[in-house]
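Every chain is numbered from 1, with letters handed out A, B, ... down the list of sequences. Quick note: numbers below take in every heavy atom, side chains included, and nothing from hydrogens, waters or symmetry partners.
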Amino acid sequence: MELASKYNPSDVEGKWYQYWLDNKLFSSKPDGREPYTVVIPPPNVTGVLHMGHVLNETIQDILVRHARMEGKNACWVPGTDHASIATEAKVVNRLAEQGIKKSDLTREEFLKHAWAWTEEHGGIILKQLRRLGCSCDWDRTAFTMDATRSESVIKVFVDLYRKGLIYRGVRMVNWDPKALTALSDEEVVYKEEHTKLYYMKYYLADTVPADAVAAEGNVVHKDERGYYAVVATTRPETIMGDVAMCINPDDPKNQWLKGHKVIVPVVGRVIPVIEDDYVDIEFGTGCLKVTPAHDVNDYMLGEKYNLEAIDIFNDDATLSQRIAQAQQKALAEAEVPQQLVIALDRYVGMERFDCRRRIAEDMTAAGLMEKIEDYDNKIGCSERTGVPIEPKLSMQWFLKMQHMADIALPPVMNDDIQFYPTKYKNTYRHWLENIKDWCISRQLWWGHRIPAWYLPTGGFVVAENEAEALTLARQKSGNADLQPADLRQDEDALDTWFSSWLWPISLFDGIRNPGNEEISYYYPTADLVTGPDIIFFWVARMIMAGYEYQQLPPFRHVYFTGIVRDKLGRKMSKSLGNSPDPLDLIDRFGADGVRMGMMLSAPAGNDILFDESLCEQGRNFNNKIWNAFRLVKGWEVADTAQPEAAQLATAWFAAKLRLADEELADDFAKYRLSEALMTIYRLFWDEFSGWYLEMVKPAYIDGKPQHIDRATYDATLAFFEVLLKMLHPFMPFITEELWQALYDRQPGQSIMRDELHMPHATDDDRKLCADIEGIKEIVTAVRAIRSQKNIAPKQQLTLEVVADADTPQLPRGGVEALMKMANLDAVNTVAEKSAGSASFLIGTAEYDVPLGDLIDLDAERKKLQAELERVEGFLASVTKKLQNERFVQNAPAAVVEMERKKQADAEQKIAALRDSIAAL
RNA sequence: GUCGGCAUAGCUCAGCUGGUUAGAGUAUCACCUUGACAUGGUGGGGGUCCUUGGUUCGAGUCCAAGUGUCGACACCA
């Protein structure tokens with residue numbers, strides 16, 4: 001078999017993926033084995049693969065393939081999310097490009113377009129996951145809006161409503177004026193902005209007695225128009241909704257305002273001054289304008305003091321006609337100076353930020369603005385559309401969360417569900433302890449429509465379908481003649497997360513069909529791999545749903561990945577253009593190379609600084625494996641006796657593999673996947689290729705490679721197979737390719753199903769590995785001498801072992817191995833080191849290499865002198881420790897003993913070094 | 001503002017319940033066009049473990065304060 005000297009991933013990756021699919025190697029059915037279940041965090045149905053996915057999906061695939069090779073029944077369920085608001089926004093945009101406005105379409109027409117878009121773009125990302133090698137059970141592919149999932153969502157809504165956990169009511173919600181929908185608190189992100197703080201004049205509407213004004217501590221404003229209070233705000237346009245001014249009753253500056261009335265500038269409405277200790281005396285002037293319709297805290301004040309809420313905006317955050325009406329009403333009720341009033345008609349229909357600019361200008365011109373200052377503020381914006389949200393009073397559906405928090409907090413706190421890294425337990429607890437009700441209705445069409453029907457006479461019923469709704473409606477209204485057409489279904493859809501919180505259950509049909517074989521077998525799932533940014537959106541809510549509907553956690557472990565950043569630490573983003581296209585990377589480095597590049601620096605929970613050079617490292621590793629394979633498969637086998645060196649090498653490497661397996665098991669148990677990969681990387685590159693293969697490799701005689709003995713050959717292939725299996729979860733493609741080529745395989749066989757079970761390592765294994773480490777140290781020392789003296793690797797040298805009671809006995813075959821690895825012609829035991837030789841110490845054992853003319857006495861002396869100084873320094877620190885009585889008294893005997901040994905060894909080394917220097 | 005994480009080689013990070021004058025990968029330097037692999041081999045250099053105190057016989061590791069940095073949450077109109 002002729003093999004190219006370079007591994008070419010594109011030749012093999014597509015081939016083996018198809019092979020895995022053809023042979024149904026990813027598919028899982030309940031059986032007697034232990035299940036290992038992972039549900040994918042469903043990507044947006046119309047999304048495309050980005051680096052964050054690559055990280056996330058690679059980790060899942062590693063865990064799944066690892067479990068599969070342990071003999072578990074691994075089941076990784078893929079699927080996509082309908083992403084209500086994001087997808088609807090995309091569809092609206094696309095329609096806009098075609099000149100179609102959403103408002104011109106009926107719900108049915110719009111949904112037709114949305115489904116068309118979904119079918120056109122849906123599933124692209126799932127295809128891309130195949131390029132990455134993901135071993136999902138594709139027959140199970142689900143969608144949050146497919147029939148099973150949709151029915152599950154509706155069933156849960158009805159159930160929660162009937163339990164009294166879902167209610168409908170008017171509340172202050174986060175309104176997205178671009179998407180024209182309410183949002184949950186979690187969908188609001190705060191952005192730092194440079195804004196202005198406007199100080200506006202609110203003139204007194206009545207007379208203040210002179211003594212009240214004169215009282216000490218008051219800060220009084222007065223101009224030719226009279227007395228006025230100053231109110232600071234970032235949103236001057238909202239004065240149109242002002243219904244009160246509020247001061248802190250203990251604020252000395254504003255005592256004179258108590259019990260009076262002020263005039264809202266521009267608007268002309270006369271409003272009372274109320275008192276509440278909510279107001280911060282230190283902020284601004286201590287005077288707060290109260291606009292209950294447009295601020296959460298003002299809403300609270302409005303409730304408390306029974307104030308009217310004047311909604312000044314339309315749904316798209318343009319100024320409503322209502323402001324003009326309210327002004328007319330106000331002006332009719334009280335007489336106010338003309339100069340304080342501007343007719344509000346001019347602002348009607350204006351966009352909110354235009355209005356802010358205009359009203360600030362108008363007020364300044366009218367002398368109603370005291371001053372304007374720069375101000376840094378954090379503005380709540382819609383996570384999806386990016387526009388500032390508008391607090392708005394609105395009728396919505398809510399889920400009561402206290403009960404959910406009560407069932408979801410304990411299991412995480414007591415580690416029934418384990419978080420990696422554990423720091424997220426704090427974040428989780430904090431959120432659950434301060435939880436608010438979840439606004440679950442969205443003014444969108446793309447999503448699960450709320451199963452509530454309104455009766456013609458008022459009131460509503462909640463039911464799983466129209467027929468059931470009709471029955472309930474007839475009962476409720478007492479009108480047995482009620483017809484379907486008399487009922488009107490709620491127009492709103494549910495929050496996307498109201499379907500994804502059921503994902504681990506609904507994927508196994510556990511909502512519609514409780515206790516079925518699949519849900520009983522696969523649930524709880526094993527590991528969830530996701531980003532900490534959706535800990536509240538998704539993780540916490542899945543835990544709630546899990547306990548509410550299965551009385552069990554949805555998963556046992558949560559692995560939080562970090563954010564993928566570029567090598568400068570910047571978040572990858574489209575606008576920065578610093579995000580590589582994963583498919584392009586796969587084309588260039590192979591999927592295995594990209595997976596390795598991703599995993600090399602991805603400790604759980606830390607952000608990862610992604611650098612293409614890591615993929616290059618992955619590709620190089622592939623090439624290394626490939627070439628090791630070429631070497632081994634190129635050997636010609638003969639039935640000759642196994643050399644002692646090879647006997648030793650095979651025994652050693654077998655032990656090494658057992659030890660490595662234990663290390664890997666530990667890494668996997670702790671989810672330290674990048675460390676596991678690094679362990680295998682070094683095992684393959686350094687130990688196997690660098691040491692083992694070099695030890696057993698047949699020599700060349702007269703330019704011809706010798707044959708290898710069968711025992712060594714067989715052992716080597718077996719080692720290779722174990723290494724491939726260890727590596728398979730990380731690099732599925734090359735390991736399959738080589739596993740298939742290593743031995744004759746039956747059709748349909750795969751490394752994926754070739755379980756890896758290693759015997760435990762023993763103390764003998766550890767001893768043998770330590771012995772080999774000793775040999776490696778000697779080899780390295782001889783190589784260093786070559787390097788320093790510029791002696792060609794081909795030139796043979798002689799090693800002398802200075803015999804001594806402490807000189808370690810090399811294991812059988814050790815000398816032979818040593819000679820081969822260090823290219824020695826002999827290893828002689830001597831009583832005294834030769835003159836003109838370079839010497840070195842391994843532990844306390846002394847070795848030297850006679851160099852004849854090549855010896856540079858000066859350099860040698862310098863080297864030995866430096867070493868002597870180092871050891872003397874070391875000895876000094878050890879001796880100091882041992883002279884400290886308190887150390888000898890207090891430290892454990894074993895520690896003291898070890899220090900004594902170090903002292904003795906150091907002394908011995910020093911003596912040997914002095915001898916060597918003298919001998920020069 | 002409240003809470004939390006992190007700070008170790010140029011870079012990215014290990015370093016477990018304190019106990020060899022601190023390790024890996026990568027980068028860098030020197031040498032090597034050897035017969036699996038130059039996407040390679042061999043060897044080398046590189047660290048006041050953020051600062052200051054404390055506990056201890058002993059601190060990279062534990063405690064406190066500070067500095068820097070990142071994040072979560074809460075926000076002042």
Practice prompt. Establish, with yes or no, whether the OP1 or OP2 oxygen of G40(B) is under 4.0 angstrom from a side-chain nitrogen or oxygen of Asn620(A).
Written response: yes

Fill in: Presence of Tyr681(A) side-chain N/O under 4.0 Å of U26(B) phosphate oxygens OP1/OP2
yes

Discussion item. Let's see if you can work this out: which of A77(B), G25(B), C73(B) has an atom nearest to the side-chain heavy atoms of Thr234(A)?
Written reply: A77(B)

Fill in: Whole-Å distance separating the CG atom of Leu693(A) from the P atom of G35(B)
17 Å

Discussion item. Need one value for Val279(A): base, sugar-phosphate or nothing, where a base atom within 4.0 Å counts as base even if backbone is also close, heavy atoms only.
Written reply: base

Worksheet item: With side chains defined as the heavy atoms from C-beta onward, is the minimum distance between Asn254(A) and Val273(A) less than 4.5 Å?
Response: no

Worksheet entry | Of the listed nucleotides U20(B), A77(B), C73(B), the one nearest the side chain of His430(A) | C73(B)

Worksheet item: Is any side-chain nitrogen or oxygen of Arg672(A) closer than 4.0 Å to OP1 or OP2 of G15(B)?
Response: yes

Item to complete: Could you state the atom-to-atom distance from CZ of Phe419(A) to P of A72(B) in whole Å?
Response: 16 Å

Worksheet item: Under 4.0 Å between a Lys/Arg side-chain N and an Asp/Glu carboxylate O for Lys670(A) and Glu675(A)?
Response: no

Worksheet item: Does Trp685(A) place a side-chain N or O at less than 4.0 Å from the phosphate oxygens OP1/OP2 of G41(B)?
Response: yes

Fill in: Met821(A) and Arg783(A), any side-chain heavy atoms less than 4.5 Å apart
yes

Item to complete: Give Gln889(A) one of three labels, base, sugar-phosphate or nothing, depending on what nucleic acid heavy atoms sit under 4.0 Å from its own.
Response: nothing

Worksheet item: Out of U26(B), A36(B), C73(B), which has the shortest distance to the side chain of Ser689(A)?
Response: A36(B)

Worksheet entry | Atom-pair distance (NZ on Lys425(A); C1' on G5(B)), nearest Å | 15 Å

Item to complete: Indicate, with a heavy-atom threshold strictly under 4.0 Å, whether Leu288(A) touches base, sugar-phosphate, or nothing.
Response: base

Fill in: From U21(B), C37(B), A24(B), nucleotide with atom closest to Ser5(A) side chain
C37(B)

Item to complete: Among C73(B), C57(B), U39(B), find the nucleotide with the atom closest to the side chain of Arg886(A).
Response: C57(B)

Practice prompt. Could you tell me the separation between the CZ atom of Phe730(A) and the CE atom of Met598(A), rounded to the nearest 0.5 Å?
Written response: 14.5 Å

Discussion item. Tell me the interatomic distance from Met821(A), atom CE, to U34(B), atom P, rounded to whole angstroms.
Written reply: 18 Å

Discussion item. Looking at Glu694(A) and A36(B), is any side-chain donor or acceptor paired with a base atom of the opposite kind under 3.5 Å?
Written reply: yes

Worksheet item: Is Tyr700(A) stacked on the base of G35(B) when the test is centres under 5.5 angstrom and planes under 30 degrees?
Response: yes

Discussion item. Return the pairing partner of U39(B) with a 3.5 Å limit on both distances, Watson-Crick or G-U wobble; otherwise return none.
Written reply: none

Practice prompt. Please check the phosphate of G43(B) (OP1 and OP2 only) for any side-chain N or O of Thr780(A) closer than 4.0 Å.
Written response: yes

Discussion item. I need the CD1-P distance between Ile608(A) and C70(B), as an integer number of Å.
Written reply: 19 Å

Response to the item:
Among the nucleotides C37(B), G19(B), A77(B), whichever has the atom closest to the side chain of Ala891(A) is G19(B)

Fill in: Member of Asn377(A), Asp374(A), Thr234(A) meeting the side-chain hydrogen bond (donor to acceptor under 3.5 Å, both in side chains) criterion with Lys196(A)
Asp374(A)

Worksheet entry | Most 5' of Glu616(A) and Glu282(A) on RNA chain B, judged by nearest nucleotide | Glu616(A)

Worksheet item: Relative to the ring of Phe688(A), is the ring of Phe684(A) parallel (under 30°), tilted (30 to 60°) or perpendicular (over 60°)?
Response: tilted

Practice prompt. Kindly say if Lys697(A) contacts the phosphate of A36(B), meaning a side-chain N or O under 4.0 Å from OP1 or OP2.
Written response: yes

Fill in: Sugar-phosphate only, base, or nothing, as touched by Arg235(A) at under 4.0 Å among non-hydrogen atoms
nothing

Worksheet item: Base, sugar-phosphate, or nothing: which does Arg783(A) touch, judged by heavy atoms less than 4.0 Å apart?
Response: sugar-phosphate

Response to the item:
Per atom distances to the Ala628(A) side chain, the nearest of A74(B), C31(B), A36(B) is A36(B)

Practice prompt. Starting at atom CG of Asn622(A), determine the distance to atom C1' of U39(B), rounded to an integer number of angstrom.
Written response: 10 Å

Worksheet item: Taking OP1 and OP2 of A77(B), is either one under 4.0 Å from a side-chain nitrogen or oxygen of Asn377(A)?
Response: yes

Practice prompt. Quick one: sort the Tyr420(A) and Tyr671(A) rings into parallel, tilted or perpendicular, breaks at 30° and 60°.
Written response: tilted

Worksheet item: Within the structure shown, what part of the strands sits under 4.0 Å from Lys704(A) by heavy-atom distance: base, sugar-phosphate, or nothing?
Response: nothing

Practice prompt. Let me know the distance between NE2 of His707(A) and C1' of G35(B), rounded to the nearest Å.
Written response: 15 Å

Discussion item. Nearest to the Asn627(A) side chain among G4(B), U21(B), C37(B), which nucleotide is it?
Written reply: C37(B)

Worksheet item: How many angstroms lie between CZ in Arg352(A) and CD in Glu237(A), if you round to the nearest 0.5 Å?
Response: 8.5 Å

Worksheet item: Quick one: is A77(B) close enough that its OP1 or OP2 comes under 4.0 Å of any side-chain N or O from Tyr375(A)?
Response: yes

Response to the item:
Winner on side-chain proximity to Phe536(A), out of U26(B), G44(B), A72(B), is A72(B)

Item to complete: Respond yes when some side-chain nitrogen or oxygen of Lys624(A) is under 4.0 Å from OP1 or OP2 of G41(B), and no when none is.
Response: yes

Worksheet item: Within the structure shown, what part of the strands sits under 4.0 Å from Asp280(A) by heavy-atom distance: base, sugar-phosphate, or nothing?
Response: base

Item to complete: For Phe629(A) and G40(B), give me the distance from atom CZ to atom P, rounded to whole Å.
Response: 20 Å

Practice prompt. Ignoring the backbone of Glu675(A), work out which of G19(B), C75(B), A14(B) is nearest its side chain.
Written response: A14(B)

